[in-house]
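The structure displayed is predicted, hence computed values, not measured ones. Chain naming here is simple, since letters A, B, ... match the order of the sequence lines and numbering starts at 1 in each.
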Amino acid sequence: MELSTKYNPSEVEDKWYAYWLKNNFFHSEPDGREPYTIVIPPPNVTGILHMGHVLNNTLNDVLIRKARMDGKNACWVPGTDHASIATENKVVAKLKDMGIEKSSLSREEFLKYAWEWKEEHGNKILLQLRKLGASCDWDRTKFTMDPDMTEAVINTFVYFYRKGLIYRGVRMVNWDPVGLTAVSDEEVIHKDTQSKFYHLRYYVSDGNGNKTDKYIIVATTRPETIMADAAVCINPEDERYRWLKGKKVLIPLIHREIPIIEDSYVEIGFGTGCLKVTPAHDVHDYEIGMRHSLPVIDIIDEHGRLNEQAVILVGEDRFVARKKIQKMLDEAGELEKVEDYTSPVGYSERTNAVIEPRLSAQWFLKMDSLAAMALDSVVKGATRLIPDKYMATYRHWMENVHDWCISRQLWWGQRIPAWYLPDGRFVVEPTAEKALEAARKLVPDIKAEDLSQDEDVLDTWFSSWLWPISVFDTGMPGNPGHKADKDLSYYYPTSDLVTGPDIIFFWVARMIMAGDEFMGKEPFRNVYFTGIVRDKLGRKMSKQLGNSPDPLDLIAKYGADAVRIGMLLCSSAGNDIFFDEAQVEQGRNFCNKIWNAYRLVKGWKVDESLQPSEINSVAVKWFTNRFNQVVENVEDNYSKFRISDALMAIYKLFWDDWCSWYLECVKPAFGQPIDKVTYDATLGFFDSLLRMIHPVMPFISEELWHDLAPREEGETIMYAKSPAAGAYDSALIDSFEIAKEAVNNVRGIRQQKNISPKNGLDLQIKGDYPAVTLPFLSKLANVTPQVCESLPASGSGATFMVRTYEMFLGLSGLVDTAADLKKAEEELEYQRKFLASVQKKLGNPQFTAHAPEKVVAMERKKEADSLSKIQSLENRINALKNNA
RNA sequence: GGGAGCAUAGCUCAGUCGGUUCAGAGCGUCUGCCUUACAAGCAGAGGGUCGGCGGUUCGAAUCCGUCUGCUCCCACCA
């Protein structure tokens with residue numbers, strides 16, 4: 001191996017990824033082992049890799065690699081989502097660039113273009129994931145519009161329809177009068193817009209449709225919709241309008257009579273307290289209308305113009321009509337006043353047209369029973385949400401669920417399997433052939449061409465909610481096509497899901513519903529919610545801001561392992577991620593540290609005749625214990641999905657314990673060999689460390705693992721075992737922590753007094769200091785340590801304390817007595833204050849009476865230690881004063 | 001407007017059951033070092049009124065109330 005002082009990831013990464021693929025290491029088949037399954041949150045097929053994907057897939061890959069090394073049959077199923085809205089938008093935009101309008105194409109022509117686009121771009125993001133080291137089972141790659149996946153979706157629709165949970169209903173949609181399509185809520189941008197608040201007079205009717213002299217004032221921003229009014233609504237508690245109850249009023253200008261209704265939706269304090277109810281043109285009004293059985297009068301056509309129903313201003317654009325009607329109202333004496341008003345108005349993301357709420361027929365799935373099951377799944381703990389703070393959100397969603405509108409006015413997606421007869425009736429069947437059969441039962445002589453399939457496609461989530469099932473078997477139980485596939489029974493339920501909390505309802509909850517419904521089992525045991533990746537200023541990463549680095553550039557610059565580390569370092573569970581390239585640098589530096597530690601060890605010459613020195617034996621003993629302790633900690637963190645904590649434990653173990661302490665201990669003097677026993681132990685440790693590192697840094701660990709010892713072709717660290725937690729002696733480890741502190745103190749004194757590390761010094765330690773660490777002190781601090789009954793009260797040197805041990809570093813001729821005296825006096829003052837606080841506590845009878853014995857005993861020990869320290873400080877100070 | 005969450009060092013975060021010399025970690029900062037693995041490094045140091053106020057308790061970063069500031073989700077008010 002080349003031993004450059006810098007680790008070069010680009011040379012290494014492609015080599016090992018190709019090796020893994022060639023040996024089919026990522027592929028899983030059912031066998032006797034325990035399965036560990038993850039399904040990828042399928043990225044949009046049009047997507048390109050962004051930092052959110054990097055976060056999500058790094059976590060997925062860490063979990064899957066860890067499980068694989070734990071001996072489980074790990075299977076990570078990759079794939080992409082057809083994302084109807086996003087993809088259709090992209091295809092429409094591309095066609096526009098080519099000079100083709102979507103409206104000029106037939107459905108079939110458009111879909112041909114869309115599939116071409118998918119074939120061209122659809123795999124890009126999955127190829128990018130490979131650069132990150134993702135160990136997906138690529139043989140199992142799925143796409144939500146694969147023919148068999150589509151079949152599953154269609155069958156699911158038919159299944160719920162037959163169960164009576166899918167129905168067709170009328171609903172208010174966001175209508176884009178320029179694009180001539182409904183758009184989803186996500187595609188509506190609300191902007192505060194300067195408009196007017198029109199106060200109109202609605203005269204009370206005499207009962208025969210004639211004006212009386214009484215009127216009420218209704219405030220509205222949309223006077224052009226008064227012709228669609230179905231009622232005027234007041235709050236039942238509103239004293240001001242008590243007299244109005246049961247009366248009827250006349251719509252201005254057209255003088256149609258409408259009832260006064262009462263509904264608590266109306267706020268007494270807002271506007272005039274009178275709300276005109278226009279069910280066809282406002283979402284809330286529609287709901288009020290439903291509650292009060294009001295007629296729906298639709299006066300606006302698909303282009304946003306008034307239609308015949310409007311009676312007046314027919315054919316005028318809604319905004320032109322607004323201006324004209326203002327004048328007409330004024331002339332009729334029915335306009336009280338006009339105020340300036342700012343209110344949020346929805347605009348179409350695509351055409352910037354003002355969205356018109358419009359009623360249209362949509363398909364719905366009843367959610368009550370499904371949501372109840374899915375809530376229960378989480379409440380009873382069958383699926384665990386991590387962190388559990390998302391429990392509240394989840395519960396809120398499940399308890400306030402609305403029926404799911406599953407139809408979309410798009411072409412790219414699974415077309416709704418409903419066929420309409422000429423008479424308006426319809427049949428729901430999985431195929432056109434079956435639809436014809438079914439239709440013939442209604443109309444015996446009907447022909448195929450008499451049937452027309454519903455134009456809408458299904459919401460993309462209606463396919464993704466099946467994902468954990470359909471990737472293994474596209475025929476769900478209870479559905480046609482179910483094969484009782486061995487893959488499904490082996491891999492389902494999956495183990496963990498890693499995803500963002502923004503889709504907890506859209507995706508996670510619905511997958512639980514589908515799992516409960518079709519499998520009788522939740523689709524995963526744990527759901528780990530990542531945060532949203534933001535830049536270091538806390539802004540969401542977005543193309544518009546240009547604040548999102550291209551992950552592939554980062555990988556090229558720092559290496560995939562470094563990018564993974566950079567991502568994981570700042571990703572505590574459930575918190576948003578503040579991404580900063582500096583963290584990737586830290587990851588790269590860690591790679592380099594590992595690389596150089598390896599260079600050091602591989603450069604040692606071994607002398608088989610050498611016996612291990614005392615320091616080497618001690619170091620091996622200590623590191624064995626320390627390693628086991630950290631393994632336990634890392635395992636604990638993994639089990640709690642505290643991945644960044646697990647990484648930090650590994651990082652510190654390698655950098656501090658291993659490099660700064662262990663290797664420095666056993667490192668032979670320049671040109672000297674090392675004994676074989678210690679060398680073999682060191683290589684063994686390195687092997688364990690690499691295996692510990694592998695899930696987070698797959699490439700460098702594989703590279704070094706192969707060089708560390710002879711490996712056969714086809715061997716891989718991927719299938720080596722995770723280091724097993726072994727027994728360890730906490731007291732031994734702790735005594736080395738004390739020794740480290742002592743070493744730090746000596747080094748600090750050397751720096752303060754400008755004494756070279758090469759200058760050997762005497763160190764005297766008072767009390768029952770653990771002798772096992774003396775060689776360690778000796779080598780790392782370059783001192784000759786000596787444990788004694790009492791420290792010299794005089795003599796040149798520096799005293800310091802490590803926990804309860806007092807130490808004296810001999811510094812003949814190198815001491816500044818005045819400075820030492822000052823330091824000792826400061827320390828004495830601190831100790832006296834500390835003692836006083838402890839004694840105050842102990843002097844409080846309430847404390848000694850109420851606090852547990854253990855706590856009181858601890859305080860008494862603090863008191864005794866402190867008294868002892870004060871005594872020797874006083875001795876020291878006296879001695880210094882006498883000398884001076 | 002409804003719901004949820006957060007506030008600890010310059011930054012990002014741990015802090016389990018209220019009690020161990022508990023106020024921590026990583027990064028950054030400062031100081032000294034190119035010491036034969038690593039300057040992408042080594043050694044050392046400094047840094048916090050645990051958002052404010054009040055309460056419970058022998059004891060509060062931790063529990064309760066309240067205020068302030070921020071974030072997210074839902075609805076976006078005629």
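- The phosphate of B:A25 (OP1 or OP2) has no side-chain N or O of A:K652 nearer than 4.0 angstrom.
- Contact annotation: the side chain of A:I251 never approaches that of A:K276 to less than 4.5 Å [non-hydrogen atoms, C-beta and beyond].
- Residue A:M648 places its side chain closer to B:A25 than to any other of B:A25, B:U36, B:A37.
- Look at NZ on A:K389: it is 13 Å from P on B:C72, rounded to the nearest Å.
- Taking atom P in both B:U12 and B:G28, one finds a spacing of 15 Å when rounded to whole Å.
- To the nearest angstrom, P of B:U29 lies 13 Å from CD of A:Q586.
- The nearest whole Å value for the distance from the CG atom in A:L647 to the P atom in B:C27 is 12 Å.
- Nucleotide B:C30 forms a Watson-Crick or G-U wobble pair with B:G44, both donor-acceptor distances falling under 3.5 Å.
- Atom P of B:C53 sits at a distance of 15 Å from the matching atom of B:U8, rounded to the whole Å.
- In this structure, A:I693 and A:I650 have side chains that are in contact, with non-hydrogen atoms separated by less than 4.5 Å.
- Taking the C1' atoms as reference points, B:G5 lies 32 Å from B:A78, given to the whole Å.
- Nucleotides B:C70 and B:G51 are separated by 11 Å at their C1' atoms, to the nearest Å.
- The pair A:R322-A:E224 counts as a salt bridge, with a side-chain nitrogen and a carboxylate oxygen less than 4.0 angstrom apart.
- Of the two residues contacting RNA chain B, namely A:R222 and A:D645, the nearest-nucleotide position lying further toward the 5' end is that of A:D645.
- We find that NZ of A:K667 is positioned 11 Å from P of B:C42, with the value rounded to whole Å.
- Taking atom C1' in both B:C11 and B:A37, the straight-line distance is 31 Å, to the nearest Å.
- For the pair A:N633 CG and B:A14 C1', the computed distance is 12 Å after rounding to whole Å.
- For A:N844, the side-chain atoms get nearest to B:C58 when compared with the rest of B:A39, B:G44, B:C58.
- Proximity of A:S660 to the phosphate of B:A43: a side-chain N or O atom is located under 4.0 Å from OP1 or OP2.
- Looking at heavy-atom distances under 4.0 Å, A:F505 makes no contact with the nucleic acid at all.
- For A:V266, taking side-chain heavy atoms from C-beta onward, the closest of the listed nucleotides B:A78, B:A37, B:A25 is B:A78.
- For A:N592 and B:G41, the shortest distance from a side-chain N or O to OP1 or OP2 is not below 4.0 Å.
- In this structure, A:K841 reaches neither bases nor backbone, as no heavy-atom distance under 4.0 Å exists between it and the strands shown.
- Distance check on atom P: B:C67 versus B:G2 gives 14 Å, rounded to whole Å.
- Among the heavy atoms of the strands, none lies under 4.0 Å from A:V838.
- Residue contacts for A:C659: at a heavy-atom cut-off of 4.0 Å it reaches a base atom on one of the strands shown.
- Look at A:R318 and A:E356 and you find a salt bridge, because one of the NZ, NE, NH1 or NH2 atoms lies within 4.0 Å of a carboxylate O, short of that distance.
- Across every strand in view, B:G24 sits in a pair with B:C13 that passes the Watson-Crick or G-U test at under 3.5 angstrom.
- B:G15 atom P lies 10 Å from atom NZ of A:K640, rounded to whole Å.
- Comparing B:G48 with B:C64, their P atoms are spaced 29 Å from each other, to the whole Å.
- Pairing of B:U71, defined by two Watson-Crick or G-U wobble distances under 3.5 Å, is identified with B:A4.
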Start with the C-alpha gap between A:F197 and A:H199, add the side-chain angles, then the distance that decides, and say whether ring-ring contact (aromatic ring centres under 6.0 Å, His included) holds. CA-CA 7 Å; A:F197 216 17; A:H199 290 65; 5.6 Å; yes
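- Within the nucleic acid shown, A:E664 comes within 4.0 Å of at least one base atom, counting heavy atoms only.
- Between A:W655 and B:C42 there is a side-chain N or O to OP1 or OP2 distance below 4.0 Å.
- For A:H396, counting side-chain heavy atoms from C-beta on, the closest listed nucleotide (B:C58, B:A78, B:G3) is B:G3.
- Side-chain atoms of A:N596 lie closest to B:C38 of the nucleotides B:C38, B:G5, B:U36.
- Ion pairing of A:K557 with A:E581 is present here, as a side-chain N (NZ or NE/NH1/NH2) and a carboxylate O approach within less than 4.0 Å.
- Side chains of A:D656 and A:Y651 form no contact here, defined as non-hydrogen atoms less than 4.5 Å apart.
- As judged by a 4.0 angstrom heavy-atom cut-off over every strand, A:E585 is placed among residues making no nucleic acid contact.
- Each of A:N589 and A:S866 lies near RNA chain B, and the nucleotide nearest A:S866 is the one positioned closer to the 5' end.
- As rounded to whole Å, 18 Å separates atom P of B:A43 from atom CG of A:N754.
- Remark: A:H284 is in phosphate contact with B:C76, judged by side-chain N or O atoms under 4.0 Å from OP1 or OP2.
- For A:R642 and B:G15, the shortest distance from a side-chain N or O to OP1 or OP2 is below 4.0 Å.
- Taking atom CG of residue A:L600 and atom C1' of nucleotide B:C42, one finds them 14 Å apart after rounding to whole Å.
- When the shell of 6.0 Å around CE of A:M391 is examined, it contains more than 12 heavy atoms from other residues, nucleotides or ligands.
- Taking the P atoms as reference points, B:U57 lies 28 Å from B:G15, given to the whole Å.
- Searching all strands for a Watson-Crick or G-U wobble partner of B:G18 with both distances below 3.5 Å returns nothing.
- Side chain A:Q751 to base B:U31: a donor-acceptor pair is found below 3.5 Å.
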Walk me through whether A:E635 and A:K640 qualify under salt bridge (charged side-chain N to carboxylate O under 4.0 Å, His left out). CA-CA 9 Å; A:E635 289 295 322; A:K640 292 171 180 157; over 6 Å; no
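- Pairing of B:U35, defined by two Watson-Crick or G-U wobble distances under 3.5 Å, is not identified with any nucleotide.
- Contact annotation: A:N744 reaches the phosphate of B:G44 (side-chain N/O to OP1 or OP2, under 4.0 Å).
- Regarding contacts with the backbone of B:C27, a side-chain N or O of A:Y651 is found under 4.0 angstrom from either OP1 or OP2.
- Contact annotation: A:R747 reaches the phosphate of B:G44 (side-chain N/O to OP1 or OP2, under 4.0 Å).
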